[in-house]
A.B. asks: 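Have a look at this one.
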Amino acid sequence: MEDGSSRDTSVPDDAEQPSEDAEVNIAQEIFSQQEDPIFANKSLLEISHVPSFDRIVGRDNEIRKLSEELRGAVQGYSPENVIVYGKTGTGKSLVSKYVSSQAVANAHDDVRIGYEYLDCSTDNTETQAASTLARAFNDPEETGLDIPERGLSTAAYYKRLWQVLEQRYDVVLIILDEADLMADDNLLMKLSRAGESGNTDCRIGVIAISNKIEWAEDLNERVKSSLQPKELSFHPYDAQQLEEILQHRRDAFKPDVLDDGVIPLCAAYAASDFGDARKAIDVLRHAGNVAYERDADTVTEQHVKDARTKAEKDRFKELVEGIPQQAKASLLALAILSLNSEQEEFPTQLVYRQYQNICDNIGQDVRSERRFRDILKELAFLGIVDNRKENLGRSGGITLLNRLVEEPEIVYEIIRDDARFETLTNHLSES
DNA sequence: CATCCACCGGAAAGATGGGGCT
DNA sequence: AGCCCCATCTTTCCGGTGGATG
């Protein structure tokens, strides 16, 4: 992402260096391993992979209902707005995309219709959302409009969005995935009122996806009344459906490498995890990786079991590696306290002092205590720490007790791997 | 049983850095 | 060039909290 000036010291063109040859050969060896004994087409197991639509399992009812709500769009009328609920991995996005694409495919000849999918966990502010939508619907060739990613005011982005819709579409469907992560309701408000406030003649149908059932209730009254959403809820997949979903992806593997019990076991695991299809696929993929790493000929149930814990560890490691430096220092403070004490829970004050030590030690800025509290809350939101409020009464007031969710050793190791924490004096602790 | 401790957490505003427009 | 807008992180200020304490 950045300038490459610091690394690449070995690039120069003197090819006769033996060490470099060796490296090339190692790399070649790995890259050119043509025969993968386990996988035939691994991309079928990627999370982003959308199965061909005739393979959607067990969601016929949902597809039917959603299609009915959107029926108007096909003829150029206003579709209903829909809020789709359901736990993660229950096919909400998949079905929404599928039905929208079908609406586009089956539209009457004289109806200009389009749909776009917006992930509100990425574009979580009104401005970003308006920007992304405007760019997604736009075609510079046709409209002559260029829409920059950033730099414009929110109002300016809306203005362009309306222009684009006006020029290019009679009806659009907008899928807002994870709509509950949106910072505020303004986007929904604007979209639902675009017509009546004369911004555009294009009719807009919103499909808002949320995994929190309470979300609609929290919605601003004004939004609710102008959106008038229909509600649709998705149930978790049962074990049998999960199994079927996995069977459809069997082609990812070479024939006969999957032991009979593997898919049912993955399905059973995922079914106990709230029927999350994504998890089922994850576990299956990881099982394949485990088998590969162990040079096995087939994927066994044991591989699935091992993969399950491995997958969780990987996820956790990635999560911790990805947090900002200040958060790492904070987390490390908590880990060190846990390592040096019988207790599991520590009041914020104590953790803060430890955090100050760490910052001093590695020469990092110390944040204010207020900010520190927010950092802890963010860590709690990510599920890395747990915090519990307790009132210690007259001598202590209210305090948060913080506890690591994972083993402190693991957390400690992961953070110490970060180069910026290398200089940290070993186990500086005792308070 | 009223008090009171000292931390919690909301609000607002500053700092910094991304970028576009005219 | 000078101005405007937005995102993110941080600090400052301060009212709220509720069980242990006397």
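Every chain is numbered from 1, with letters handed out A, B, ... down the list of sequences. Just so it is clear, the structure is predicted and the values come from calculations on it, not from any experiment.
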A.B. asks: What do you reckon, are the aromatic ring centroids of Phe234(A) and Tyr85(A) less than 6.0 Å apart?
C.D. replies: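 Centroid distance Phe234(A)-Tyr85(A): not below 6.0 Å, so no.
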
A.B. asks: Is Glu46(A) salt-bridged to Lys42(A), going by a charged N under 4.0 Å from an acidic O?
C.D. replies: no

A.B. asks: Do NZ/NE/NH1/NH2 and the carboxylate oxygens of Arg388(A) and Glu345(A) come within less than 4.0 Å?
C.D. replies: yes

A.B. asks: Can Arg403(A) be said to sit on top of Phe346(A)'s aromatic six-ring, NZ or CZ under 6.0 Å from centre and within 45° of the ring axis?
C.D. replies: no

A.B. asks: Does dC5(C) have its OP1 or OP2 closer than 4.0 Å to a side-chain nitrogen or oxygen of Thr154(A)?
C.D. replies: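 For dC5(C), OP1/OP2 do not have a side-chain N/O of Thr154(A) under 4.0 Å.
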
A.B. asks: Where do Asp374(A) and Arg370(A) land on the salt bridge (Lys or Arg N to Asp or Glu O under 4.0 Å) test, with the steps shown first?
C.D. replies: CA-CA 7 Å; Asp374(A) 278 344; Arg370(A) 179 67 188 84; 3.1 Å; yes

A.B. asks: Can you identify which nucleotide, out of dC6(C), dT10(C), dC8(B), has its nearest atom closest to the Ser153(A) side chain?
C.D. replies: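 When the side chain of Ser153(A) is considered, dC6(C) is the closest of dC6(C), dT10(C), dC8(B).
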
A.B. asks: Check whether any side-chain nitrogen or oxygen of Thr399(A) sits under 4.0 Å from OP1 or OP2 of dC7(B), and answer yes or no.
C.D. replies: no

A.B. asks: I'd like to check the side-chain hydrogen bond (donor to acceptor under 3.5 Å, both in side chains) partners of Asp185(A); sequence neighbours left out, ordered by chain and number.
C.D. replies: none

A.B. asks: For Tyr237(A), does the six-membered ring have the charged nitrogen or CZ of Arg59(A) within the cation-pi criterion, i.e. under 6.0 angstrom from the centroid and within 45° of the normal?
C.D. replies: yes

A.B. asks: Where along nucleotides 11-22 of chain B does protein come under 4.0 Å, by heavy atom, of base (B) or sugar-phosphate alone (S), with - for untouched nucleotides?
C.D. replies: -------SBSS-

A.B. asks: Are Arg373(A) and dG9(B) close enough that a side-chain N or O sits under 4.0 Å from OP1 or OP2?
C.D. replies: no

A.B. asks: So do Leu145(A) and Asp139(A) actually touch side chain to side chain, heavy atoms under 4.5 Å?
C.D. replies: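 Not in contact.
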
A.B. asks: If the cut-off is 4.0 Å, is Ser368(A) near the phosphate of dT10(C), judged by side-chain N/O to OP1 or OP2?
C.D. replies: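 Negative; the distance criterion is not met.
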
A.B. asks: What nucleotide among dG10(B), dA7(C), dC7(B) has an atom nearest to a side-chain atom of Lys377(A)?
C.D. replies: dG10(B)

A.B. asks: Name every residue in residues 381-397 of chain A that has at least one heavy atom under 4.0 Å from any atom of DNA chain B, in order of residue number, or write none if there are no such residues.
C.D. replies: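 By residue number: Lys389(A), Gly393(A), Arg394(A), Gly396(A), Gly397(A).
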
